[in-house]
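One structure is given below, encoded as structure tokens.
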Amino acid sequence: MAQESTPPPVTPPPPPSLEQAPPSPAMVKDIGDLPPAPAPEPAEEAESPGAKGKELQGPTLPPPPEGEPKDSRSSSLAAMMEKEESVSSPQPPPEEKTEVTEKSAATKEEVVAVADTGKEKQVQENKVPQTLVSFKEESNLVSDLSDIERKALEELKQLVHEALNTHQFSTASPNKEERQNVIITQEAQTTQETSKTEASASESDVSTEIKPPAETHESKVEETPEKKSQEVAKEEQKAVSSPEEITIWGIPLLKDDRSDVVLLKFLRARDFKVRDAFVMIKNTIQWRRDFKIDELVDEDLGDDLEKVVFMHGYDREGHPVCYNVYGEFQNKELYQKTFSDEEKRLKFLRWRIQFLERSIRKLDFSPSGISTVFQVNDLKNSPGPGKRELRLATKQALLLLQDNYPEFVAKQVFINVPWWYLAFYTMISPFMTQRTKSKFVFAGPSKSAETLFKYVSPEQVPIQYGGLSVDFCDCNPEFTIADPATEITVKPATKQTVEIIIYEKCFIVWELRVVGWEVSYSAEFVPDAKDAYTIIITKPTKMTPTNEPVVSNSFKVGELGKILLTVDNSTSKKKKLLYRFKINPFSD
């Protein structure tokens, strides 16, 4: 992202918070703390500025940075700082640069249009780099784990197995020591009460024969510890005979290989420290029980926030994409309705957790499946650092989610990033692990669409972010999210012509857009016959950013020839051209 003049830095409030990311109302926050990953791409490629170098899911109001996996005994910023000072920061491995070869000043692209155009489009699509991320997700296949990781997984499985057999995860009565302490305390209290009774009896003029009540009381006291001991024995016997069943995110522990994927998330969040990971699992299970997560998933919490956080499409590697739109909170009515008091903030938190929980349960937890999410955080018009209520809400989310949803974010892309957010990120960057920073990508308004296209195909990107995918309610009958689009970079002061060659009589329909427009567009049909005339479909038209983002058109072809779609870029900037088409043959 091109560096622009930066006003004096403003100190935004501490990061509030979906899956581990900078605080934000809507983030699947990923809190992983593993060995450092390769350094992120350069800022020009929209990678995180300060880092060349999981939890519902950042600085003030944007999404919380993927909550750093913190030591299970402390999650405070102070602890992070102490840890950072005591351990010298690792040197990031050298960057792996991926060179993308651009076509020179080619101004024409020929496309053979026949009924089946899938192969041609696939060839072009494959030219787009498929992996530009600096963070590489680890495999969940046991065979791919290192010896140390495999050993840690086996040890954790053994601990979980023992815990299930002894009901350590349940809310059963206290352990033996606590029970003994309770019995001893009760006996002491009983002795004191008995002595008091006897003392009062001796002081009174009443005959010493009036002692049966005291004896009765003593007999009751003696029965109490014995009875409790019997109950404890029964509970322990029951625990040994019937192991408890525990599920996390809909996955039963130790029932199949999906459980390994769940356990690996906790291990990676705790740097494969088995005991720490086990404690984290126990705390997560208790929190889920206290928060009644399984009941929350089925609750109806309304749809007021459906435009704030939503899932749409998949990235180039198959991760579902979650969009967090902070600008929606510029709506004062929505803001007040969501954050004005503690009760509303709690409802927002419950809604956010419900959204995350529902999304997670749709993931594939098989070892070879995809069990993480690609997050896009739109900071356009996001409330500034001064929104106290939003900070409180996102901080609450961070505290709850960082230890209960580990390793659920594959990548965090921040688009339409304002200068103050970058200033804030620069401040908090030293306290993040290299692993966390390697998942961050930042892009300003002018680079947002281009950055998204590196990770998400244009047909999968919503139309409001520069892509071709429309809202489901405004579905285009001709094209769907499954119809691939072709990307072309139009150089400054050049024309780009797309030729679609027609070999049969047909109906042809196409979609075309230039991100940001500020170009001229025209379309025509040129017959193959020498004495035929060119047919103007769309005369040259100056397109501006205020025009419809996508041009849709169709044409009935009665003779062989070619369709020419021409984009004239007279500006001094590169432009991204997207198009796709379909051919429907017909007979006379």
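Being a predicted model, the structure only gives us computed values, none of them experimental. All residue numbers in this chain count up from 1 along the given sequence.
Atom NZ of K307 has 12 or fewer heavy atoms from other residues, nucleotides or ligands within 6.0 Å. Summarising the local packing, NZ of K347 is surrounded by 12 or fewer heavy atoms from other residues, nucleotides or ligands at distances under 6.0 Å.
The two residues F555 and I563 have their closest heavy-atom pair at CD2-CD1, 3.9 Å. Nearest heavy atoms, S457 versus R316: OG-NH1, 3.2 Å. Closest heavy-atom contact between L334 and E328: CD2-O, 3.7 Å. The minimum heavy-atom distance between V297 and Q354, with the atom names listed, is O-NE2, 3.8 Å. Nearest heavy-atom pair, G302 versus W351, reported as atom, atom and distance to 0.1 Å: O-NE1, 3.9 Å. When all heavy atoms of A485 and E459 are compared, the pair lying nearest together is N-OE1, 3.1 Å.
Cation-pi contact between K387 and Y335: present, with separation from the ring centre below 6.0 Å and deviation from the ring axis of at most 45°.
In this structure, D483 and K582 have side chains that are in contact, with non-hydrogen atoms separated by less than 4.5 Å. F365 is listed as a side-chain neighbour of K265, based on a closest heavy-atom distance under 4.5 Å. Put simply, the side chain of K411 reaches to within 4.5 Å of the side chain of V441, judged on heavy atoms. Looking only at side-chain heavy atoms (C-beta outward), E137 and H319 come within less than 4.5 Å of each other. Between C506 and V557, the closest side-chain pair of non-hydrogen atoms falls below 4.5 Å. Residues L564 and V498 have side chains not in contact (no heavy-atom distance under 4.5 Å, counting atoms from C-beta outward). I537 is listed as a side-chain neighbour of N553, based on a closest heavy-atom distance under 4.5 Å. Between C322 and V309, the closest side-chain pair of non-hydrogen atoms falls below 4.5 Å.
Between the CG atom of D364 and the OG atom of S371 there is a distance of 8.0 Å, given to the nearest 0.5 Å. Distance check, rounded to the nearest 0.5 Å: NZ of K562 to CD1 of I502 gives 11.5 Å. Within the model, atoms CG of D568 and OG1 of T497 stand 9.0 Å from one another, a figure rounded to the nearest 0.5 Å. Here CZ of F348 is found 12.0 Å from CG of L392. Values are rounded to the nearest 0.5 Å. With rounding to the nearest 0.5 Å, the separation of OH in Y579 from CG in L565 is 8.0 Å. With rounding to the nearest 0.5 Å, the separation of CG in N331 from CD in Q336 is 10.5 Å.
Residues satisfying the side-chain contact (heavy atoms from CB on, under 4.5 Å) test with P320, not counting sequence neighbours, are M311, Y314, L363, I370, V373.
For the residue pair K495/T566, the side-chain donor-acceptor check at 3.5 Å is not satisfied.
D303 places no side-chain N or O within 3.5 Å of a backbone atom of E306 that could act as its donor or acceptor partner. K576 places no side-chain N or O within 3.5 Å of a backbone atom of A449 that could act as its donor or acceptor partner. Between the side chain of R345 and the backbone N or O of T338, no donor-acceptor pair lies under 3.5 Å. Within the 3.5 Å criterion, the main-chain N or O of K542 finds no donor-acceptor partner in the side chain of W517. In this structure, the side chain of E511 does not engage the main chain of S552 through any donor-acceptor pair within 3.5 Å. Of the possible donor and acceptor atoms, one in the side chain of S382 sits under 3.5 Å from a partner among the backbone N and O of L379.
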Check your understanding: side chain to side chain contact (heavy atoms under 4.5 Å, CB included) between T451 and V413: does it pass, once the steps are laid out?
Key -> CA-CA 8 Å; T451 300; V413 177; 4.2 Å; yes
**Study point:** Worked check of side chain to side chain contact (heavy atoms under 4.5 Å, CB included) between W510 and I583
**Key:** CA-CA 9 Å; W510 66 89; I583 299 292; over 6 Å; no
**Study point:** Audit row: L452, V376, side chain to side chain contact (heavy atoms under 4.5 Å, CB included) steps and yes/no
**Key:** CA-CA 9 Å; L452 279 180; V376 178; 3.8 Å; yes
Review point. Should F355 and F310 be marked as a ring pair (Phe, Tyr, Trp, His ring centres under 6.0 Å) after you check the CA-CA gap, both sets of side-chain angles, and the distance that decides it?
Key: CA-CA 9 Å; F355 180 88; F310 60 91; 8.7 Å; no
Exercise for review: Could you walk me through whether S340 and E389 pass the side chain to side chain donor-acceptor pair (under 3.5 Å) test, one step at a time?
Suggested key: CA-CA 7 Å; S340 60; E389 300 84 1; over 6 Å; no
Practice item. Apply side chain to side chain donor-acceptor pair (under 3.5 Å) to Y465 and D378, showing your working. Key: CA-CA 9 Å; Y465 295 121; D378 180 12; 3.0 Å; yes
Practice item. Please report the C-alpha distance between T538 and Y521 in whole Å, then the side-chain angles of each, then the deciding distance to 0.1 Å, and finally whether the side chain to side chain contact (heavy atoms under 4.5 Å, CB included) criterion is met. Key: CA-CA 8 Å; T538 301; Y521 161 73; 4.0 Å; yes
**Study point:** T486 vs R580, side chain to side chain donor-acceptor pair (under 3.5 Å): CA-CA, chis, key distance, verdict
**Key:** CA-CA 6 Å; T486 300; R580 57 183 173 177; over 6 Å; no
Practice item. Would you please test Q412 and N377 for side chain to side chain donor-acceptor pair (under 3.5 Å) and show each step? Key: CA-CA 7 Å; Q412 289 273 17; N377 307 290; 2.8 Å; yes
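The aromatic rings of F374 and Y455 are tilted relative to each other, their planes meeting at an angle between 30° and 60°. By the 30° and 60° cut-offs, the orientation of the rings of F507 relative to F586 is tilted. Ring geometry, F414 versus F442: the interplanar angle falls under 30°, so the pair is classed parallel (tilted spans 30 to 60°).
Of the charged side-chain nitrogens involved, at least one lies within less than 4.0 Å of a carboxylate oxygen, so that E357 and R361 count as a salt-bridged pair. Using a 4.0 Å cut-off between charged side-chain N and carboxylate O, K539 and E524 make no salt bridge. Here K575 pairs with E518 in a salt bridge; the nearest charged N to carboxylate O distance falls below 4.0 Å.
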